[in-house]
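Read the structure below first, then the notes.
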Protein chains: 2
Amino acid sequence: MNTKGNKPARGRPKTMSRDHVLKIAVESYWAEGPTGVSINEICRRAGVSKPGIYREFGNEDGLKVAALQAYQTTFLAPLGDILTDDLPFGQALQALTDFVLLDHKAHGLPDGCLQVAMCRSKDELGMHARQSADKFREQTLFALEQWIERAKSKGQFASNIPSRTVALYIDAQIASAMELQKQGVAQDELERVFKLALSVFS
Amino acid sequence: MNTKGNKPARGRPKTMSRDHVLKIAVESYWAEGPTGVSINEICRRAGVSKPGIYREFGNEDGLKVAALQAYQTTFLAPLGDILTDDLPFGQALQALTDFVLLDHKAHGLPDGCLQVAMCRSKDELGMHARQSADKFREQTLFALEQWIERAKSKGQFASNIPSRTVALYIDAQIASAMELQKQGVAQDELERVFKLALSVFS
DNA sequence: AGCTTAAAATACTGATGGGTATTTATTTAT
DNA sequence: ATAAATAAATACCCATCAGTATTTTAAGCT
């Protein structure tokens, strides 16, 4: 909430930057998996003491929740926008393709998707991180579903396949594409695969 | 190789069953992930001492290799058969669907796919387990590719999409379906999603 | 200056991890 | 009987983990 907002009346001034720690945590969990990095290691990388982390985030679960939410708002917001912007269906599909083909390596960011990774390693996570991941997944599936519903009602999606089914399918295609990216599949190959996946709609 | 084949001339007779330990290991890694269960825990579950495991499998990496290979031959062989049986394309697609829709829970087995899980947690694995997972993945992609090539040459697959692209796509659909199963998605919903995925070929 | 407040850093705890040294038990060969 | 061989079981080693108690440092307040 406040990284700098209200300075307390007295006491030793805070030197640890919550945002800096979060950035390190997001990139670490993103690159190495939510269970692949320890708090000790994150402390080392962020140049911060362990009690500092615990004062700021409570416990490991709290850090993971904060990292996941930071990831969601920073890197997954564009996806939500595409689905709620009410674009013509074909245009939205193109935007989806662009989103998926974003070359993270070019921006110095890991491949893959932290949200997907958290969902997958659900049972090695704390309660709150699990809940946060589940909730976001639900919201995304719902947004996909509503988007398909709208496309149907606008006559841009001619099919009697249940919207929920289509939502699950598209969600899976996005996750798969990001997985392929992580595996090092070339961008043009990735594009062919994803466009093949979307070709079910034409 | 030999669980009982050659009995050594002398020494205390072996009581530990390699197959029993492997069965426990496969199910444990399958259900909880290749990094989600420790050797200590597998010892407990198998009712076997730790040095016993190390005598039999060398180290953790060796146990994972053995478990993965047991999984591959036991549960993934049918997939390979479908691809090499030279069935008519439509029939092979149906067999693929049946394979994916196998209800593991009904057989008391975990959902998801250990092979896929191993590939995904590659960088938390030992060298040999990683190599074994990679190799099997390559073989599967190659089998898929050849299968598509054959369908093309038989005129049952009319498209100019590269076979490698199609192979990556189908591989992703199988993995996605197993992931959905693990998430508890209903069988009929799963079937709709998978058939939607395969509808790109008709 | 001295007191209070709060964060930083160090050092610790107990549990668990992978892996192993050592001892004990059970067999065959002499 | 005893020695050799081999597996089983116990007990251990050291690293690392999540989490915490304790002390030190740096500020404001009086």
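Numbers restart at 1 for each chain; the letters A, B, ... are given by sequence-line order, proteins then strands.
When the side-chain nitrogen and oxygen atoms of A:R55 are compared with OP1 and OP2 of C:dA8, one or more of them lie within a distance under 4.0 Å. Put simply, B:T15 has a side-chain N or O that comes within less than 4.0 Å of OP1 or OP2 on D:dA8.
Among the candidates A:R164, A:K152, A:R150, the single residue satisfying the salt bridge (Lys or Arg N to Asp or Glu O under 4.0 Å) test with A:E145 is A:R164.
No side-chain donor-acceptor contact under 3.5 Å links B:W147 to the backbone of B:T84. Not one N or O on the side chain of B:D85 forms a donor-acceptor pair closer than 3.5 Å with the backbone of B:L87. Panel note: side chain B:E149, backbone B:S163; no donor-acceptor pair is recorded below 3.5 Å.
Atom OH in A:Y29 sits 10.0 Å away from atom CG in A:L22 (nearest 0.5 Å). In this structure, B:E56 CD and B:L63 CG are separated by 10.0 Å, a value rounded to the nearest 0.5 Å.
Atom CD in B:E56 sits about 16 Å away from atom P in C:dG19, given to the nearest Å. Between the CG atom of B:L125 and the P atom of C:dG18 there is a distance of 13 Å, given to the nearest Å. To the nearest angstrom, P of C:dT10 lies 15 Å from CD1 of A:I53.
Under the side chain to side chain donor-acceptor pair (under 3.5 Å) criterion, A:Q187 pairs with A:Q181, sequence neighbours left out.
Closest heavy-atom contact between A:V48 and A:M16: CG1-SD, 3.2 Å. Residues A:Q173 and A:A197 share a closest heavy-atom pair of OE1-CB, 3.4 Å. Across all their heavy atoms, B:I170 and B:I148 have their closest contact at CD1-CD1, 4.1 Å.
A heavy-atom distance below 4.0 Å to DNA chain D is reached by none of the residues of residues 21-30 of chain B.
For residues 193-202 of chain A, the pairs satisfying side chain to side chain donor-acceptor pair (under 3.5 Å) are A:E191-A:K195, with sequence neighbours left out.
Here A:D134 pairs with A:K122 in a salt bridge; the nearest charged N to carboxylate O distance falls below 4.0 Å.
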Any protein N or O atoms within reach of nucleotides 16-19 of chain D? Criterion: under 3.5 Å, listing atom names and distances.
residue	atom	partner	partner atom	Å
D:dC17	OP1	A:S38	OG	2.9
D:dC17	OP2	A:N40	ND2	3.2
D:dA18	OP1	A:I39	N	3.4
D:dA18	OP1	A:E60	OE2	2.8
D:dA18	OP2	A:I39	N	3.1
D:dA18	N7	A:K50	NZ	3.2
D:dG19	OP2	A:Y54	OH	3.1
D:dG19	OP2	A:E60	N	3.0
D:dG19	N7	A:K50	NZ	2.8
D:dG19	O6	A:K50	NZ	2.6

Could you list all N or O pairs between the protein and nucleotides 22-25 of chain C that sit under 3.5 Å apart?
residue	atom	partner	partner atom	Å
C:dA25	O4'	B:R12	NH1	3.3

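Rounded to 10°, the angle separating the first-five-pair axis and the last-five-pair axis of the helix from C:dA1-D:dT30 to C:dT30-D:dA1 equals 30°.
Between B:F157 and B:F201, the two ring planes are tilted [angle within 30° to 60°].
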